[in-house]
Protein chains: 2
Amino acid sequence: MDRRQQKTRAAIFSAFSALLSRKRYDKITVQDIIDEANVGRTTFYAHFQTKDDLLKETCTDIFEHVISGSLMMEGSHDFSLSGGSPQAVLTHILYHLRDSKKNIIGILSCESGDLFLQYFKTYLNRLLSQWIPQPQQPPLSGVPREFLIDHVSGSFVNMVQWWIRNNLRQAPEELSGYFWAVTGPILEGQPSNIQSL
Amino acid sequence: MDRRQQKTRAAIFSAFSALLSRKRYDKITVQDIIDEANVGRTTFYAHFQTKDDLLKETCTDIFEHVISGSLMMEGSHDFSLSGGSPQAVLTHILYHLRDSKKNIIGILSCESGDLFLQYFKTYLNRLLSQWIPQPQQPPLSGVPREFLIDHVSGSFVNMVQWWIRNNLRQAPEELSGYFWAVTGPILEGQPSNIQSL
DNA sequence: TATGTTATCATACATATTGTTCTATATTGA
DNA sequence: TCAATATAGAACAATATGTATGATAACATA
C-alpha cells in the first residue's frame, strides 16, 4: 500500500471521528467528510464504497483494537484470558475505552453511539462465551447459557453507555466493582452462598 | 380532528410499520411512505414535520400503550403497580409486545430495532425507578441506585432483543423467569440470604 | 536520477431525495 | 346547502449521491 493511501485513509478516519462527535451519523454527508479530511470526492470513493462501509471499518478497527489490546490472542480466531481475571480484563477494557488516542469515547458519545455499541457487543459476546460456564445451581441452573452470555455482554455495553452519559465520573475500577456486583453470580459460575441442598 | 385526518394518520402509521419490516429506517424515503400509504406528498408534510418526527410519534404511540396497558396510571405522570408484582407486570409487558395488533415485534425486529428499543428503555426507566430501592447490603450496597435502575431496564430491553433473535421461542413466563434469575437480587431489594452483619 | 505506475484532485454530470408552493378537487361538519 | 379545510397532483429549488473525465502530483523501483 502506497504512503499516500495510508495518509488518506487516516485523514478520512480522523475526519469521520471528528464529525461524529458533532453530528449524528445519518446527518453527516460525504461532502462533510471530504471537506473535513481535505480529500477529493473521487478519492473517498476509491477507499470506501459507501458511507456505511466507512462506518463498519471504523468499528472493526476500534473494537478489535480495544479487545485484543486487553487480551492475548490464541489460536486462529479465539480469545482467551492472558492470566488476568475476568474482572481485571474488564477493567483494562474500560481504561482502553477512556484513554484511547482514537477518541473512542467521542464516537460512542455521539448520537449514533448505539450503532457502534452494537458492534462492540458482538466482540464482547465472543469474549464472554469463553468465561461463562453453564450454571449448575438455582436460581441460574435452568437458564440457557446463551441467554446469560448475551445478558452479561449487554450489561457491559449498557454500563458503558451509562458511564458516558455521566461524563466518565467513575474510575474504571469503581465501575468494574458495580459490574461485578450485578453480574458476579453469573461470571463466578455460582453465587458465593452455596447452600448445599 | 377530521375523519379524513384520522384515516390519513392511520394509513401513514401502517405504511411506515409495513416498510420498516422490509427496509432499514434510514433507507426508507418519504416517497416510499406516501406511495405505500397512498397519500399525497403535501398530506404527509401536513401531518409530520419530518421522517424523524414520524418515527418519534410511532414510538411514543407504541410504548406508551404497552406500558400503560400493563399498569394503572396514577397521579399526573407517574406509574405505579396495579396490584401485581413486578414479575407479573413484566410478564404482562412481554405478552403485550408479542400479541399486539400493531405488529410491535415486526417493528422491533427490523434493522432499525435499536432505535425503537432506545425509546422503550426510556419508558422502562420511569417504570423501574419506582420499584428499585437503594440496597442496604453487600454486594449491592455501594452501588448507586441510578446505575441499578439503568442496569435493570437495559437488561430487559436486551432480553427482548435476544427473544426476537430467537424467534420468540420462549413463553413470556419462561422469559420472565430468566429475567428474575439474573435481576432478582436487585428487584427484591436484597438477595434472600440475609446474613445480618 | 530517470521512468512507468498510480493515487490524487477538480470539475462536471445524471440521478434521487427533501421540503415547499401552488392550484384544483373532494370531503367534512353545521 | 355552504363555508371551511384536508387532500392530490404537479412543479420547484436545494441538496446529496455516486460516477466519469482529464490533468497533476507522488510514489516505487531500477
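Just the heavy atoms: all of them, side chains too, but no hydrogens, waters or symmetry mates, feed the values below.
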Undergrad: The side chain of B:T8 lies closest to which of these nucleotides: D:dG18, C:dA7, D:dT7?
TA: D:dT7
Undergrad: Could you label the plane-to-plane angle of the A:H96 and A:H92 rings as parallel, tilted or perpendicular, counting under 30° as parallel and over 60° as perpendicular?
TA: tilted
Undergrad: Is the ring pair A:F63/A:Y123 parallel, tilted or perpendicular, if the boundaries are 30 and 60 degrees?
TA: tilted
Undergrad: In whole angstrom, give the distance that lies between atom CG of B:D32 and atom P of C:dT17.
TA: 7 Å
Undergrad: Using the side-chain heavy atoms of A:V39, tell me which of these nucleotides is nearest: C:dT20, D:dT17, C:dC9.
TA: C:dC9
Undergrad: Starting at the 5' end of DNA chain C, which residue's closest nucleotide do you reach first, B:T42 or A:N38?
TA: A:N38
Undergrad: Side chain of A:K51 only, please: which of D:dT17, D:dA6, D:dA8 is the nearest?
TA: D:dT17
Undergrad: Atom CG of B:D35 to atom P of D:dG9: distance rounded to whole Å?
TA: 10 Å
Undergrad: Can you label the angle between the A:F48 ring and the A:F44 ring as parallel, tilted or perpendicular, going by 30° and 60°?
TA: tilted
Undergrad: Select one nucleotide: of C:dA7, C:dG19, C:dT28, the one nearest the side-chain heavy atoms of A:Q5.
TA: C:dA7
Undergrad: Among the nucleotides C:dT18, C:dA12, D:dC27, which one has an atom lying closest to any side-chain atom of B:R41?
TA: C:dT18
Undergrad: Rounded to whole Å, please give me the gap between NZ in A:K7 and P in D:dA25.
TA: 15 Å
Undergrad: Nearest to the side chain of A:T29, heavy atoms from C-beta on, is which of D:dA16, D:dT7, C:dC9?
TA: D:dA16
Undergrad: Name the closest nucleotide to the B:R4 side chain, picking from D:dA6, D:dC27, C:dG19.
TA: D:dA6
